[in-house]
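Proteins get letters first, then strands, A, B, ... in listed order; numbering begins at 1 in each.
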Protein chains: 2
Amino acid sequence: MDVARLAGVSQKTVSRVFNDEPYVSADVRRRVLEAVEQLGYRRNNAARALASGRSRSIGVVTLGTALYGPASLLMGVERVVRDTGYALRVVNTMEGDPSGVAGAVDSLLDQGVDGIVISEPIDETGPEGETALRVDVPVLVLGAPPGLTAPTVLTAGDGADVMARTATEHLLNLGHPTVHHLAGPQRWYAARDRLEGWRATLTAHGRELPPVVEGDWSAASGYRAGLELAADGAPTAVFAANDDMAIGLIRALTEAGLRVPQDVSVVGFDDIPVAAYITPPLTTVRQPFDTVAQEGLKRLVHAIENPDADPLPPSDPPVDLVVRASTAPPADRTTPARARRTASRPDGGTPAPRPRNGGPSSRP
Amino acid sequence: MDVARLAGVSQKTVSRVFNDEPYVSADVRRRVLEAVEQLGYRRNNAARALASGRSRSIGVVTLGTALYGPASLLMGVERVVRDTGYALRVVNTMEGDPSGVAGAVDSLLDQGVDGIVISEPIDETGPEGETALRVDVPVLVLGAPPGLTAPTVLTAGDGADVMARTATEHLLNLGHPTVHHLAGPQRWYAARDRLEGWRATLTAHGRELPPVVEGDWSAASGYRAGLELAADGAPTAVFAANDDMAIGLIRALTEAGLRVPQDVSVVGFDDIPVAAYITPPLTTVRQPFDTVAQEGLKRLVHAIENPDADPLPPSDPPVDLVVRASTAPPADRTTPARARRTASRPDGGTPAPRPRNGGPSSRP
DNA sequence: ATGAAAGCGCTAACAG
DNA sequence: CTGTTAGCGCTTTCAT
């Protein structure tokens, strides 16, 4: 180590300086830092990882899509991870990937990550398959828990059912007799949660449970679903499992001569950036991607660095229903007064310079 | 190394098996593989990197946004990188990040990556600043070249000007006297290219160059721009630098009582998944993110593994104008026959189950 | 408060 | 075809 020689100290001392270890005199520290500067030295992380057994990196498994949700989550994770002093390794697994999440996790383990984040897990149990993952580092699952074994398994961002309930109740409060659901692909736990929240709400209110239409998150699938729905005798209210599908759905309804929200109310999910600017501006549930990622990561890092301590508890993410112009009371039947009151907000349609906090919002 | 002992061979032989090196008898190979299986052995990448001096990983610098473009590029990169046998390290840099791209690159270098991808570079030269990056591994810049020094600097996906030309010409061919431009933030090279392509086209056709309105990629900024444009006496044709802004723009125009495309034609850029399903379906330029990422990475890996060979040449990405219903000939003035012919396509508005190839498209 | 010595698990460069 | 001998650049452990 040239730096050590230049500074006239031992290798170990240089190491101490770099790691902010105690017991280094100010003078020595300064000399070392100077030598480092002069030589343009940067420490070798591979060697560090080898010697210490920790790579100071966290692996993320994402779906190989540019879908707003997964992409936002990934960005959220990246944003936090650097502050914690860890590096990020990313592997993605496409739907239909033969090796799937297991393969992705494996490749991360190969890389020697200290912890793993599984963003948006999907159910990959084949016809018979039981994928029992076994991992020897802490894992954070963003969305819902798959069956895996690890020293610590944390979950975060699994409040989708509550949010789905909020969306559904919004529609019910508006006076709609029932609410249809345009679900996401049921292999995704996130999609299941939303479906479940919707179902539970209707059941709790003693409403009829219309058949579920399943899409694949894409606007195209929402469009197809809308065509179907319109043909089958249009519903008065639909809760779509994401905004893209909601947009496709609205398009199909519009083409079928149905007006939104006068004839059909539509609620989306995510609050993608354009949601406020389409016609009509979309009522939707905002997902707190950043908060979820941030909080989850904090807990993961804690678990990595304190293997024996109790894991940090999760906190409930806020539910943020953004009411815009795609929802209204049903036109063709008597509306209960209560609902009408709730719904009588004018101007829901003007997307003012979208306030950071999402404008009109309510939480039940 | 337990595996070596169990298989009754030397450590080096195990190494050979793992690296698919020649000169290993089938029998020995089998024995090693068995031992590996039995012990659940996985090789330590840190040690490998330390000993070999190569980390077999590629670093990506992204902007910390969930913007469709950057996110798609990242996904595209990830999708290819695993096939090449490399791992991906991701660092992002938010706009306004003090350390900026330089800091991101630095942290990647710290991690010992073998190559770097800079996705969507932005100009970070401050009031005075000259950021002369010096990197000792090959770099691929997706979008346009910043000032950096590296053994190899590859660029890809810098065909935005050509695409912008296509968009602008489409509008001109429709018979519009001139075309306004809703530009992206000019710190982004991608935004500059589009602006340049637009400007060059108008100039080449001897048209008037209307003042440029600059947005920040968001639908919100497009909305604000639309309000401005409508107040200043509406244009008949606008080319927006991305779809999100186009959507905000259309919203503002609509609220101002202007019809799209009857009063104003709008062309977007990117072809985001919902573009075909908004009202009206958006005419836009599809960006070949996947192709760009894939080809670029192939070239980067080549440069990494053949430091002395000539870098692979880039190939021109296809230009794909997707004509939908947001563009039409201008209503209020005589339209040249040529343009009218080009434009007389009925049904541009029906988003059929979006064909893989994007439906109606043309290239000049 | 500092240093010396001993590896971490692998691959490189040569033998055989 | 296979084995031996050295490190890669750091952290660890134990002295001092």
Q: If you only use heavy atoms from C-beta on, which nucleotide in D:dC10, C:dG9, D:dT2 is closest to the side chain of A:Ala47?
A: D:dC10
Q: Quick check for you: among D:dG7, D:dT4, D:dG9, whose closest atom lies nearest to any side-chain atom of B:Ala51?
A: D:dG7
Q: Please check the phosphate of C:dG16 (OP1 and OP2 only) for any side-chain N or O of B:Tyr23 closer than 4.0 Å.
A: no
Q: So, are A:Asp110 and B:Arg42 salt-bridged, with charged N and O less than 4.0 Å apart?
A: yes
Q: From the set D:dT11, D:dC8, C:dC10, return the single nucleotide nearest to any side-chain atom of B:Arg43.
A: C:dC10
Q: Checking contacts here: which listed nucleotide (C:dC10, D:dT11, D:dG9) is nearest the side-chain heavy atoms of A:Ser15?
A: D:dT11
Q: Can a side chain N or O of A:Ser52 be found less than 4.0 Å away from OP1 or OP2 on D:dT11?
A: no
Q: With side chain to side chain contact (heavy atoms under 4.5 Å, CB included) as the test, would you mind laying out the steps for A:Ile304 and A:Val137 before giving the verdict?
A: CA-CA 8 Å; A:Ile304 291 172; A:Val137 297; over 6 Å; no
Q: Please check if any side-chain donor atom of B:Asn45 sits under 3.5 Å from a side-chain acceptor atom of A:Gln111, or the reverse.
A: no
Q: Using 4.0 Å as the upper bound for N to carboxylate O, is an ion pair formed by B:Asp290 and B:Arg79?
A: yes
Q: With respect to the side chain of A:Leu50, which nucleotide from D:dG9, C:dC10, D:dT13 is positioned closest?
A: D:dG9
Q: Can you tell me whether the side chain of A:Arg16 and the base of C:dG3 have a donor-acceptor pair closer than 3.5 Å?
A: yes
Q: The side chain of A:Gln11 is closest to which nucleotide in this list: C:dT2, D:dT11, D:dT2?
A: D:dT11
Q: Between C:dC10, D:dT4, C:dT2, which nucleotide gets closest to the side-chain atoms of B:Lys12?
A: D:dT4
